[in-house]
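A short write-up of the structure that comes next.
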Protein chains: 2
Amino acid sequence: MPLYRQVSDALAERISCGGLVPGDRLPSEAELGAEFGVNRLTVRQAISELVRSGKLRVRQGVGTFVASAVPPIDIDVATLTVEAATARTTSAFSAHGWTVREQLLGRDEQDDPEARAQLDDPTGPLHRVRTLTVANGEPWILSSYWLPAELAGAVAEPSDGDVFAAVTHSNGLQLRYAWRSFSAAAATADDAQRLHVPVGSPLLIREGLNRDQDGRPVVYVHRRARADRARFVLRHEPD
Amino acid sequence: MPLYRQVSDALAERISCGGLVPGDRLPSEAELGAEFGVNRLTVRQAISELVRSGKLRVRQGVGTFVASAVPPIDIDVATLTVEAATARTTSAFSAHGWTVREQLLGRDEQDDPEARAQLDDPTGPLHRVRTLTVANGEPWILSSYWLPAELAGAVAEPSDGDVFAAVTHSNGLQLRYAWRSFSAAAATADDAQRLHVPVGSPLLIREGLNRDQDGRPVVYVHRRARADRARFVLRHEPD
DNA sequence: GAGTGGTCTAGACCACTAG
DNA sequence: TAGTGGTCTAGACCACTCT
């Protein structure tokens, strides 16, 4: 077994067995190298695995810390309308005493073949609206919404966590889900910067298509959630 | 911008712009180092990011290759009974012309606090059954099933991809889902070995609870799927 | 045997953070 | 200013795969 794996396992053992508790600072990389009798680069390789799996958190110039074991928030996906989904998500956060806010990052004409196909290939341009869902000052979910340009103008900085309240109200639309999908991917450099995770960390991806009350596809949504922060739950029975 | 990121971006560019197509072998790490004027370790750091994101695939002693862009299989999760879910999954694979098989890895008395709690804290021991779903000789999904010991005995090596056919038939059970959840995590060393991915790769995780026809919780399932191979889809409307 | 990737070392310099 | 993590180098040896 390679040295970095041995070091990684030893550190993971200390964390799981209570020798190191969330918030604790690890010895510096140089100290760990001396302790295990290995080079600093070998220590770094061990640490980087634990960082990607969410067990450690590194702060440049400060140190390496044991991550706090916050269980991920369960977000219910058994809802059909967008209003209900937003309400469920907000209540999932407030049940933990957390305030949640969806922050507008910007909008542009960035097209996307997948989005265009899902929206039945509309003739006009597509606009992409990007948002960041923040709870207690920490980033949780990075979202992109593709929608026809004429609707995107109504998107507003939300006061209550719902970016599309203005869109649905001002256009008399009632949006409901046609389908949702769940997948996973490694964080890109952009994801990493926005979500405060290292490049390559696992992200949970939820895509979906919303139709209006007449069955027309209106919004294609792509969300990228920190895997350590959020989990999607599908309940098939009443609680 | 650090050198390894520049190298990584340059290689990603060659892939996305068609300079390198799926199956192509990259120049060796030493050659890439000479080409970009950087150390071999810097090249390796660049490559490792692309491997975790699924763009490249490394074979020791052979070379580094552009990964084939196989779109992930859509697995429908809108079904309520286990039989229907198995049938849907099998048909999703056969629609691509792939044969799928669920291979029994073993069973043990490994307990799990989450599983035990979900199964309403049964008095007897819990057994864990582990399987690997293989399609066309490639690993796709690593599953663990926790169930009461008296039922685990009926688990058999499946001939038709359904590990639990014997359990349900011999006990007169009809299993249906109570809930399912979707999350993501980094591949552990064990995941990596079983699923043929590097440690730290993103995995898509689906957990769920099955009840029998009398509402008793019977099986707690935990699946870990290669993120580049599988996607779960929830359809809210008929096709 | 030749070539590939996998691991490891020693040493260096830089960027960032805190006191 | 001191200490931390972030990046990079040169060089070495090993394990693996193919011919």
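We name chains A, B, ... by the order of the sequence lines, and we start the count at 1 in each one. We use all heavy atoms of the structure for the numbers below, so side chains are in, but hydrogens, waters and symmetry mates are not.
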Exercise. side-chain contact (heavy atoms from CB on, under 4.5 Å) with B:S181: which of A:I75, A:D74, A:V233?
Worked result: A:V233
Problem set entry | Main-chain N/O of A:A186 paired with B:R52 side-chain donor or acceptor, under 3.5 Å | no
For this session: Remember a base hit wins even if backbone is also touched, and classify B:G33 as base, sugar-phosphate or nothing at under 4.0 Å, heavy atoms.
Result: nothing
For this session: Among B:T131, B:T90, B:T86, find the one that has a side chain to side chain donor-acceptor pair (under 3.5 Å) with B:E102.
Result: B:T131
Problem set entry | Short side-chain N/O contact from B:T42 to OP1 or OP2 of D:dT9, under 4.0 Å | yes
Seminar exercise, completed: dist B:D108:CG -> B:H127:NE2 (nearest 0.5 Å) comes out at 8.0 Å
Problem set entry | Aromatic ring pairing A:W146/A:Y220, orientation class (parallel under 30°, perpendicular over 60°, tilted between) | tilted
For this session: Check whether the side chain of B:R40 and the base of D:dG11 form a donor-acceptor pair under 3.5 Å.
Result: no
Problem set entry | Atom pair NZ (B:K55) and CG (B:L11), whose distance is rounded to the nearest 0.5 Å | 11.0 Å
Exercise. Salt bridge check: are A:R130 and A:D190 linked by an N-O gap of less than 4.0 Å?
Worked result: yes
Exercise. Looking at the side chain of A:R44, which of C:dG6, D:dT7, D:dC8 is the nearest nucleotide?
Worked result: D:dT7
Problem set entry | Any A:T64 side-chain nitrogen or oxygen under 4.0 Å from OP1 or OP2 of D:dG5 | yes
Problem set entry | side-chain contact (heavy atoms from CB on, under 4.5 Å) between A:E138 and A:R229, worked out | CA-CA 10 Å; A:E138 292 274 322; A:R229 291 280 168 81; 3.1 Å; yes
Exercise. Which stems does DNA chain C form, counting runs of 3 or more consecutive Watson-Crick or G-U wobble pairs with both distances under 3.5 Å?
Worked result: C:1-18 with D:1-18
Problem set entry | Over 12 non-hydrogen atoms of neighbours within 6.0 angstrom of CD in B:E35 | yes
Exercise. For A:Q45 and C:dT7, what is the distance between atoms CD and C1' respectively, to the nearest whole Å?
Worked result: 7 Å
Can you tabulate the close N/O pairs, meaning under 3.5 Å, that link protein atoms to atoms of nucleotides 14-16 of chain D?
from   : atom 1 : to    : atom 2 : distance (Å)
D:dA15 : N3     : B:Q60 : NE2    : 3.3

Problem set entry | Under-4.0 Å side-chain N/O to phosphate OP1/OP2 contact, A:Y4 with C:dC8 | no
For this session: Return the value, rounded to whole Å, for the distance between atom CD of B:E29 and atom P of D:dA10.
Result: 16 Å
For this session: Give a yes/no answer on whether the side chain of A:R59 brings an N or O atom under 4.0 Å of OP1 or OP2 in C:dC16.
Result: no
